[in-house]
Amino acid sequence: MGLLLALGLGVLLGWLLARRRSGAASGLSGLAPSQLLGWIGDDPEGWLILDAADQIHLLNPRAASLLQLCSVLPPSRLPLHQVSGSPGLAELIHNCRARQRPQRLTWQPAEEPLELLALPGRRGWVAVRLQRRRSIEAQQRAQERWVSDVAHELKTPLTALLLVGDSLSAQVNSRNAVLVERLQRELRRLQQLVGDILELSRLENTLPGPDDRSRSLAVAPLVGQVWAGLRPLAEERGVRLQLTGSPQARVLADGDRLHRALLNLLDNAIRFSPDGCCIDVDIRISAGWCLVAVRDRGAGLSERDLRHLFERFYRGDPARQRSPRGGSGLGLAIVQQIAITQGGRVQAANHPEGGALLELVLPLAG
C-alpha cells in the first residue's frame, strides 16, 4: 500500500511539474490545489520534494520529525545541504535523476534506520518518501507469515492429489489412461502455479538492495550451471547455447534468486526458439553495471508483447511458442521482481537480426 501511495504521489508530482513548466502557476503553492498539499502534509509517511538545484520546496511534518528537525521548513526554499549533509541521501537523489527510475536507500540519521524511496519527476525534480524501516519490516513479517500459511494450506492437498494420481497411473487401463495422464499434467501445472505465486509474493515484500544473502557472484559460471539443468529439454529439440562476453564479470546478488532469474530467462528462450537453433547469452560490463543479454531466434515480440511482457499471467501469441511445454505465465514477472530486489532491472526488445532480446541489468560487485 505504501508503494502504491508513493507511486501515486510521484505521478501527481509529475503533473505538478508539467503545470509549472507550462506557466500555469509559479511556486509550489500555485502548482496544485490546496487539497493536494494538505494530503501530503497529513500523510503518515514523510515527504521531501526538491527541484533540480536541490532546493527544498516541501517538507511535511512527518519528514521533519523523522529528520529530527524542530519544524517544517519555511517557504524560503532552503538547500538540501542545510537540512542534511548526508552523502548517502545526496547520492540517492543524484542517482534518481541520472537513471530516471525510483531508487531506494536504507539510511540511519539517528538511532533508528529509515527506508527512503526517491521518485524522479520532470526537469530534475525529485520526491523522496521517508519511512521507519522497523514499520516496513513488521509489515513484511506479517506478509511472510501469511505466505507461509497459504503455502502450507495449498501444497499439502496438492501433494496428496499427486500421490493419488501416481497410484491411479499404476492401475490404468486403455480406456482411462488418457484421463489419468491429463489429471497428473494439470496437477503438476497447478503445483508450479502455486509455487510461482508464492515466490512472487515473497519477492514483492522484499526490500531492494543487498542483504545478508548477497554475495559476489561470477555470472558466466552461473549461466553454465543453469544451462546444465536445462540441457535435457534443449537437446530434445537440438537447441544450443552460445555464451560470449566478459567471463570475469561479477555481481553482488542473492545466488538462489539470480539462479532463478537466469533459469526463467533461458527456459523462456528455449520455449520460443525453433528446433536446431542457437540461444545467445552475452555478458557485458558498462559503467558499474553487468548486462546479461539473452537472445532467442524466434519470431520476436509484438508491440503488445513489449508493453505487457513482464505483467503477471500475460501470455503472448501462442503461435510464437515452438515448444509444447507451457508456463505459469509468471516466469518473466518473477524475473522482473528479482531484478528490482537486486537493485537492477530487466528490459525487452527485438534483436536487429531477428528474435527476442531480454536483458538483465545488475550492479557489479565492488
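Across all their heavy atoms, Ala261 and Leu360 have their closest contact at CB-CD2, 4.4 Å. Counting all heavy atoms, side chain and backbone alike, Ala253 lies closest to Gln342 at CA-OE1, 3.2 Å. Summarising the geometry of Cys96 relative to Pro120, their closest heavy-atom pair is SG-N, 3.3 Å, with the distance given to 0.1 Å. In terms of heavy atoms, Ile283 sits closest to Ala249 at CG2-CB, 3.8 Å. Here the closest non-hydrogen pair linking Asn264 and Gly331 is ND2-O, 3.0 Å. The minimum heavy-atom distance linking Gly124 with Arg97 is given by the pair O-NE, 2.5 Å.
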Could you give the side-chain donor-acceptor pairs of residues 349-357 under 3.5 Å, partners two or more places apart or in another chain?
from   : atom 1 : to     : atom 2 : distance (Å)
Asn350 : OD1    : Leu301 : N      : 2.6
Asn350 : ND2    : Leu301 : O      : 2.8
His351 : ND1    : Glu353 : N      : 3.0

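Residues Leu89 and Leu80 are in side-chain contact: their nearest non-hydrogen atoms beyond the backbone lie under 4.5 Å apart. Put simply, the side chain of Thr244 does not reach to within 4.5 Å of the side chain of Asp280, judged on heavy atoms. Leu48 has its side chain out of reach of Val126: every pair of non-hydrogen atoms, C-beta onward, lies at least 4.5 Å apart. Val239 places a side-chain heavy atom less than 4.5 Å from the side chain of Ile279. At least one side-chain heavy atom of Leu332 sits under 4.5 Å from a side-chain heavy atom of Asn268. Between His259 and Val226, some side-chain heavy-atom pair lies under the 4.5 Å cut-off. With a 4.5 Å cut-off on side-chain heavy atoms, Ile49 and Ile56 do not count as touching. Here the side chains of Ile340 and Gln336 are in contact, with some heavy-atom distance below 4.5 Å.
The line from CZ of Arg260 to CG of Leu265 is 11.0 Å long, rounded to the nearest 0.5 Å. Atom CZ of Arg304 is separated from atom OH of Tyr314 by 4.0 Å, given to the nearest 0.5 angstrom. Summarising the geometry, atom SG belonging to Cys290 is positioned 9.5 Å from atom CD belonging to Gln248; distances are rounded to the nearest 0.5 Å. Once rounded to the nearest 0.5 Å, the distance linking CZ of Arg122 with CD of Gln100 reads 10.5 Å. Taking CH2 of Trp227 as the start and CG of Leu262 as the end, the distance is 12.5 Å to the nearest 0.5 Å. In this structure, CZ in Arg104 is found 15.0 Å from CG in Asn95, a value given to the nearest 0.5 Å.
With salt bridges taken as basic N to acidic carboxylate O contacts below 4.0 Å, none links Glu236 and Arg231. Salt-bridge check for Arg271 with Asp296: failed, with every basic side-chain N at 4.0 Å or more from each acidic carboxylate O. In summary, Arg307 and Asp305 do not engage in a salt bridge, as defined by a charged side-chain N under 4.0 Å from a carboxylate O.
Hydrophobic clustering keeps Leu241 apart from Leu291 (ILVMFWY residues linked when any side-chain heavy atoms are closer than 4.5 Å, directly or through intermediates). Cluster membership check: Trp289 does not share its hydrophobic cluster with Val292, using side-chain heavy-atom separations under 4.5 Å among Ile, Leu, Val, Met, Phe, Trp and Tyr. Each of Val361 and Leu263 belongs to its own hydrophobic cluster when Ile, Leu, Val, Met, Phe, Trp and Tyr are linked at side-chain heavy-atom distances under 4.5 angstrom. Follow the hydrophobic side-chain contacts under 4.5 Å out from Leu258 and you reach Leu230 in the same cluster.
A donor-acceptor pair shorter than 3.5 Å can be found between the side chains of His308 and Glu311. Under 3.5 Å, the side chains of Glu115 and Gln131 contain no donor-acceptor pair of N or O atoms. Under 3.5 Å, the side chains of Arg297 and Ser273 contain no donor-acceptor pair of N or O atoms. Between Asp51 and His57, the side chains place a donor N or O and an acceptor N or O closer than 3.5 Å (distance only, hydrogens not considered). A donor and an acceptor atom, one from each side chain of Gln242 and Arg240, are nowhere located under 3.5 Å apart. Asp254 and Ser214 are not linked by any side-chain donor-acceptor pair at a separation below 3.5 angstrom, with hydrogens and angles left out of the test.
Of the possible donor and acceptor atoms, none in the side chain of Arg129 sits under 3.5 Å from a partner among the backbone N and O of Leu117. Listed for the Asn60 side chain is no donor-acceptor partner under 3.5 Å among the backbone atoms of Gly46.
The environment of CD in Glu303 is sparse: at most 12 heavy-atom neighbours from other residues, nucleotides or ligands sit within 6.0 Å. Other residues, nucleotides and ligands place more than 12 heavy atoms under 6.0 Å from the CZ atom of Arg99.
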Audit row: Ile93, Val128, side-chain contact (heavy atoms from CB on, under 4.5 Å) steps and yes/no: CA-CA 8 Å; Ile93 294 168; Val128 182; 4.1 Å; yes
